[in-house]
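Following: one structure in structure tokens, then a few remarks.
Lettering of chains follows the sequences in order, A, B, ..., and the numbering in each one begins at 1.
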Number of protein chains: 2
Amino acid sequence: MAKQTKPLGRRSGSNDTRRSILEAARRLFSEKGYEHTTIRLVAAAAQVDPALPMHYFKTKQQLFLEAMLPDYQGPSRLSQALATISTPEAFGPAIAVLIVRIMEDPETRNILTGLIRAAASEPEAATLMRVFVEEQIILPISRALGGSQANLKASLLGSHIVGIFLTRYIVGLDTMASADPTEIAEMLEPIISTYALVHNDQ
Amino acid sequence: MAKQTKPLGRRSGSNDTRRSILEAARRLFSEKGYEHTTIRLVAAAAQVDPALPMHYFKTKQQLFLEAMLPDYQGPSRLSQALATISTPEAFGPAIAVLIVRIMEDPETRNILTGLIRAAASEPEAATLMRVFVEEQIILPISRALGGSQANLKASLLGSHIVGIFLTRYIVGLDTMASADPTEIAEMLEPIISTYALVHNDQ
DNA sequence: TGTATAATTCAACACATGATGAATTATACG
DNA sequence: CGTATAATTCATCATGTGTTGAATTATACA
């Protein structure tokens with residue numbers, strides 16, 4: 001495989017270089033974590049010169065930031081799903097289905113695993129993940145649950161969700177990694193209901 | 001603070017250098033993760049020459065290994081706790097109390113957070129954590145639960161536990177980080193009972 | 001058309017890291 | 001006592017990293 005040298009200077013025609021860098025970065029951060037995703041690796045994956053990621057994003061941190069937080073405007077899908085239900089009994093099915101949807105959507109999955117991987121070593125990424133999980137997961141659940149201890153319940157539920165991601169996609173626990181998402185959702189349903197119904201002495 | 005040069009050659013008197021290196025390494029791996037725990041940092045924390053950790057453990061991986069897995073012979077404390085109960089109804093209290101104990105014991109906590117931090121980036125550490133969680137957490141719970149789906153239930157429960165560690169000690173979610181362990185245990189009790197009792201059509 | 005600007009390549013720097021090997025001093029033990 | 005061995009310091013290497021700056025070519029636009 002001969003290293004073909006590209007011509008100097010600007011390319012002609014339309015270019016979506018920036019986007020392809022972001023996509024490569026998102027994939028690599030999610031697969032290898034923050035440290036092991038080098039600028040040169042991202043550039044190679046995007047078939048681009050190693051100086052280009054730095055040129056577009058100035059710093060590795062910034063690249064990570066923009067790669068992990070694409071256009072997340074508007075209410076999260078979790079908020080939307082929760083808005084359609086009213087009785088506490090309907091919570092279990094709703095959230096269980098949603099977790100399956102997250103696990104099966106590659107985009108969201110990559111973001112969550114990328115955040116977890118980085119947060120484990122980089123304090124700034126931990127801050128990012130804190131905000132993400134609080135806004136996108138815990139706050140909606142807490143609002144929907146209501147009652148006393150809603151915040152603690154929602155946080156524990158959120159911990160359960162990220163724990164599942166950790167064991168399934170990162171640690172690779174046999175049972176979790178090979179489990180059918182539907183099976184997990186079924187198992188999870190009564191758990192969520194318990195969180196929704198128990199200790200509700202408001 | 002002048003850098004005082006120590007004399008050359010072997011020190012006189014008894015030496016527990018190896019142990020202090022291990023202790024410093026365990027603390028640092030747990031606090032900063034694998035990559036950011038440099039050999040030089042460990043040496044400095046142990047007040048020892050930067051070449052000594054390599055001399056005693058040959059490689060950084062080996063140091064991590066020995067630091068994270070001290071003498072863990074015999075049945076785990078979880079197994080012991082589970083051996084004392086018989087009825088499924090007694091599970092919730094037993095495991096809830098155990099989680100609290102893990103969270104409050106600095107040694108165990110450091111090991112678990114160290115394993116999680118490293119596993120997020122280093123595949124070999126993920127293997128280590130896989131074995132640890134399976135043997136020390138999931139297998140005992142699964143055996144104690146019995147019935148159909150015991151393995152999946154135990155794995156989900158294990159995921160919840162490591163998820164709590166992740167959000168509480170690593171990500172630093174406000175609610176989780178500031179929660180009283182007893183409060184968490186109380187909230188968790190009905191959850192564990194649900195895992196123990198539901199879907200039990202063996 | 002002409003000129004500022006954007007996109008791209010290339011070479012290189014500065015720095016930290018894990019690891020190695022030689023030199024030096026103390027201990028263990030026959 | 002004498003010698004092999006262990007413990008310790010020091011200097012250094014090789015490598016990979018994020019980052020920078022200059023040079024080159026195309027585009028945008030007045």
Side-chain angles (χ1 to χ4, degrees), chain A residues 2-25 28-29 32-68 117-118 121-125, chain B residues 2-25 28-29 32-68 117-118 121-125:
Chain A
K3 177 170 61 176
Q4 51 180 357
T5 58
K6 297 183 180 178
L8 273 193
R10 183 175 184 163
R11 291 300 100 85
S12 28
S14 61
N15 53 325
D16 50 355
T17 309
R18 191 190 157 95
R19 194 181 326 278
S20 58
I21 292 177
L22 272 180
E23 279 168 13
L28 286 169
F29 279 131
K32 311 174 92 72
Y34 186 81
E35 300 268 354
H36 288 154
T37 296
T38 73
I39 298 289
R40 287 166 173 84
L41 262 186
V42 171
Q47 288 176 311
V48 128
D49 188 88
L52 275 186
M54 299 304 288
H55 174 253
Y56 278 112
F57 302 96
K58 299 306 169 197
T59 167
K60 188 184 179 183
Q61 266 189 51
Q62 188 65 24
L63 172 61
F64 176 80
L65 204 108
E66 302 205 24
M68 286 297 119
R117 285 210 148 95
S121 289
E122 315 295 322
E124 289 134 352
Chain B
K3 177 170 64 176
Q4 50 179 356
T5 57
K6 297 182 179 178
L8 274 192
R10 182 176 186 164
R11 293 298 100 85
S12 28
S14 61
N15 51 326
D16 50 355
T17 308
R18 191 189 156 96
R19 193 181 325 277
S20 58
I21 292 178
L22 272 180
E23 279 168 13
L28 286 170
F29 279 132
K32 310 173 92 72
Y34 186 81
E35 299 267 355
H36 289 153
T37 297
T38 73
I39 298 288
R40 287 165 173 85
L41 262 186
V42 172
Q47 288 177 309
V48 129
D49 188 87
L52 275 185
M54 299 305 287
H55 174 253
Y56 278 112
F57 302 96
K58 299 306 169 196
T59 168
K60 189 184 178 181
Q61 267 189 50
Q62 190 65 24
L63 172 60
F64 176 79
L65 205 107
E66 302 205 24
M68 286 297 120
R117 285 208 148 98
S121 289
E122 314 296 321
E124 289 135 351

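Of the candidates D:dC10, D:dA26, D:dT19, the closest approach to any side-chain atom of A:Arg10 belongs to D:dA26. Listed nucleotides C:dG18, C:dT8, C:dA26 differ in distance to B:Met54; the shortest reach to its side chain belongs to C:dG18.
To the nearest 0.5 Å, the span separating NE2 on B:His55 from CG on B:Asp49 amounts to 11.5 Å.
Along DNA chain C, the nucleotide nearest B:Gly13 and the nucleotide nearest B:Ala51 are compared for position; the residue whose nucleotide lies closer to the 5' end is B:Ala51. Along DNA chain C, the nucleotide nearest to B:Thr38 and the one nearest to B:Ser12 differ in position, and the one closer to the 5' end is contacted by B:Thr38. Each of A:Leu8 and B:Val48 has a nearest nucleotide on DNA chain D; the 5'-most of these lies closest to B:Val48.
Close to C:dA7, at under 4.0 Å from its OP1 or OP2, lies no side-chain N or O of A:Thr17. A:Thr59 has a side-chain polar atom (N or O) that falls below the 4.0 Å cut-off from OP1 or OP2 of D:dT19. A close approach under 4.0 Å does not occur between any side-chain nitrogen or oxygen of A:Tyr56 and OP1 or OP2 of C:dA6.
Rounded to an integer number of Å, the gap from B:Glu35 CD to D:dG18 P is 11 Å. Atom CG of A:Leu52 and atom C1' of D:dT19 are 14 Å apart (whole Å).
Side-chain atoms of A:Arg19 do not come within 3.5 Å of backbone N or O of A:Asn15 as any donor-acceptor pair.
If you check distances only, the side chain of B:Arg11 never reaches the base of D:dA7 with a donor-acceptor pair under 3.5 Å. Checked by distance alone, B:Arg40 brings a side-chain donor or acceptor within 3.5 Å of a matching partner on the base of C:dG18.
Electrostatic pairing of B:Glu122 and B:Arg117 does not count as a salt bridge here, judged by no charged N lying under 4.0 Å from a carboxylate O.
Between A:Phe64 and A:Tyr34, the angle of the ring planes goes over 60°, which puts this pair in the perpendicular group of the 30/60° scheme.
Note on B:Pro7: only backbone sugar-phosphate atoms sit closer than 4.0 angstrom, heavy atoms only; bases stay farther off.
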